[in-house]
Novice: 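The structure that follows is given in the form of structure tokens.
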2 protein chains.
Amino acid sequence: MTGQHDTVLRSSGLRVTKPRLAVLDAVHAHPHADTAAVLAGVRLALPNVSHQAVYDCLSALTEAGLLRRIQPAGSVARYELRVGDNHHHVVCRTCGEVADVDCSVGAAPCLTPTTDHGFVIDEAEVVYWGTCPTCSSRTAPLTQTAPIMKKESR
Amino acid sequence: MTGQHDTVLRSSGLRVTKPRLAVLDAVHAHPHADTAAVLAGVRLALPNVSHQAVYDCLSALTEAGLLRRIQPAGSVARYELRVGDNHHHVVCRTCGEVADVDCSVGAAPCLTPTTDHGFVIDEAEVVYWGTCPTCSSRTAPLTQTAPIMKKESR
DNA sequence: ATCCATACTTGACTCGTTCAAGAGACGTGC
DNA sequence: GCACGTCTCTTGAACGAGTCAAGTATGGAT
């Protein structure tokens, strides 16, 4: 796996360094991990990396297209390895959990706005907001009827 | 207009205060304004309001459903008055400019994911990323051919 | 007019992220 | 295999949006 990442780095014209390999490993192990989680994951392998190194790696890898950075409203930045397949995300309003959702259209931009105000559009990002299974069962466990959605701010 | 906002506040069960009216006015005058811009707008009418008051107003009004808060990745929070019509946004990658885009579907959630991982979904938020007319003409003004999209990170 | 809950003021503080300067390591060319 | 130049990492400080907390003021019900 690290061998894989090694090749991937090289073919993107990036230097192969331990922190970068560890960052790729960490994101691979925990998709949608935020920077703190990535840092923690990296430090399992390299206990002394600086947080700055992780920030640098994450932005270098993101710029090279090896990572994708997502940031739902109210959340810190999160990263994932799955790039180039134009998929989307479901986000839990309660706990912030993120899950992948395949794009039913396929190619980016997967949607076309009716009025574009003269913008040149290259991507349509879709975020589904809702409640994850865990939080659903925790907030409405007593009734068998359809759960009432508690939308706190909308 | 302030008369309008007065009524709107009352019918939402919120106290009518000068800062709140001024916040509504400011957002009305500058749709998609960030907190700093709202604060500046409010201070035109009320030079001594605290930034905290503006934060409090914005969150109270958002919670009451009078304002909608949007936060594209990498941006600070922005606010708009247009609520309840399930519209979306186009965001310029270069300057951060935001414009409204009507939802072609109509009702929320306007899209349904193919796999929902057990999430109870109540909203689909769509953000179109691209380049606004001003930034387009600034980066590719010399050719008459189709502009090359410079996607800096993806 | 009085009173209480809510809203605002003031000022400090948190946390994710970025900046800057110098030490260290990757990899190319010899 | 070795030296060199450039990119990357370490260290430590700083920034800015947003939040917390305690006390004062004000809206609106009685």
Novice: Name the nucleic acid region contacted by Ala60(A), choosing base, sugar-phosphate or nothing; use a 4.0 angstrom heavy-atom cut-off, strictly under.
Specialist: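 Nothing: the residue Ala60(A), judged by heavy atoms under 4.0 Å, touches no strand.
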
Novice: Are a donor atom and an acceptor atom from the side chains of Glu97(A) and His117(B) found within less than 3.5 Å of each other?
Specialist: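 Side chains of Glu97(A) and His117(B): no pair found under 3.5 Å.
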
Novice: Answer with yes or no whether the hydrophobic clustering places Val23(A) together with Tyr55(A); edges join I, L, V, M, F, W, Y residues whose side-chain heavy atoms lie under 4.5 Å apart.
Specialist: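 Unlinked, Val23(A) and Tyr55(A) end up in two clusters.
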
Novice: Figure out the CG/P separation between Asp56(B) and dG23(D), and round it to whole Å.
Specialist: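 Atom CG in Asp56(B) sits about 18 Å away from atom P in dG23(D).
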
Novice: How many angstroms lie between CD in Glu63(B) and OG in Ser12(B), if you round to the nearest 0.5 Å?
Specialist: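 Separation between the atoms: 12.0 Å.
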
Novice: Please report the distance, rounded to the nearest Å, between OH in Tyr55(B) and C1' in dA7(C).
Specialist: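 About 18 Å, once rounded to whole Å.
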
Novice: Taking the nucleotide of DNA chain D with the nearest heavy atom to each, does Lys18(B) or Gly13(A) sit closer to the 5' end?
Specialist: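 Of the two residues, Gly13(A) wins.
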
Novice: State plainly whether one hydrophobic cluster holds both Leu81(A) and Leu14(A), where clusters connect Ile, Leu, Val, Met, Phe, Trp and Tyr through side-chain heavy atoms under 4.5 angstrom apart.
Specialist: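 Per the 4.5 Å side-chain linkage, Leu81(A) and Leu14(A) are co-clustered.
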
Novice: Between dT6(C) and Thr17(B), is there an OP1 or OP2 to side-chain N/O distance shorter than 4.0 Å?
Specialist: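 So the side-chain polar atoms of Thr17(B) never come under 4.0 Å of the phosphate oxygens OP1 or OP2 of dT6(C).
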
Novice: Compare side-chain N and O positions of Arg15(A) against OP1 and OP2 of dA25(C) and report whether any pair is under 4.0 Å apart.
Specialist: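 Checking dA25(C) against Arg15(A), no side-chain N or O comes under 4.0 Å of OP1 or OP2.
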
Novice: Could you give the CD-to-C1' distance, from Glu63(A) to dT8(D), as a whole number of Å?
Specialist: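 Nearest whole value for this atom pair: 14 Å.
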
Novice: Report the distance from atom CG of Leu39(A) to atom P of dT18(C), rounded to the nearest whole Å.
Specialist: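 Taking CG of Leu39(A) and P of dT18(C), I get 14 Å after rounding.
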
Novice: Pro19(B) or Gln71(A): which one's nearest nucleotide on DNA chain C is closer to the 5' end?
Specialist: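 On the 5' side of the pair lies Pro19(B).
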
Novice: Starting at atom CG of Leu58(B), determine the distance to atom C1' of dA7(C), rounded to an integer number of angstrom.
Specialist: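 Those two atoms, CG and C1', are 14 Å apart.
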
Novice: Would you classify Ser50(A) as touching base, sugar-phosphate or nothing, given that sugar-phosphate means primed atoms plus P, OP1 and OP2, and contacts are heavy atoms under 4.0 Å?
Specialist: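 Answer is base: heavy atoms of Ser50(A) come under 4.0 Å of a base.
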
Novice: Rounded to the Å, how far apart are Leu14(A) CG and dT6(D) P?
Specialist: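 Spelled out: CG on Leu14(A) to P on dT6(D) is 18 Å.
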
Novice: Heavy-atom nearest nucleotide on DNA chain D for Asn48(A) versus His51(B): which residue maps closer to 5'?
Specialist: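 Closer to the 5' end of DNA chain D: Asn48(A).
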
Novice: Select base, sugar-phosphate, or nothing to describe what Ala77(B) touches, counting heavy atoms under 4.0 Å on all strands.
Specialist: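 If one applies the 4.0 Å heavy-atom cut-off, Ala77(B) turns out to touch the sugar-phosphate alone, with no base involved.
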
Novice: Check the distance between dT6(C)'s P and Leu9(B)'s CG and give it to me in whole angstrom.
Specialist: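 Between P of dT6(C) and CG of Leu9(B): 16 Å.
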
Novice: Check the surroundings of atom NE2 in His30(A): do more than 12 heavy atoms from other residues, nucleotides or ligands lie under 6.0 Å from it?
Specialist: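 Result for NE2/His30(A): open.
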
Novice: To the nearest angstrom, how far is Arg20(B) atom CZ from dG28(D) atom P?
Specialist: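 Going from Arg20(B) (CZ) to dG28(D) (P), I get 9 Å.
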
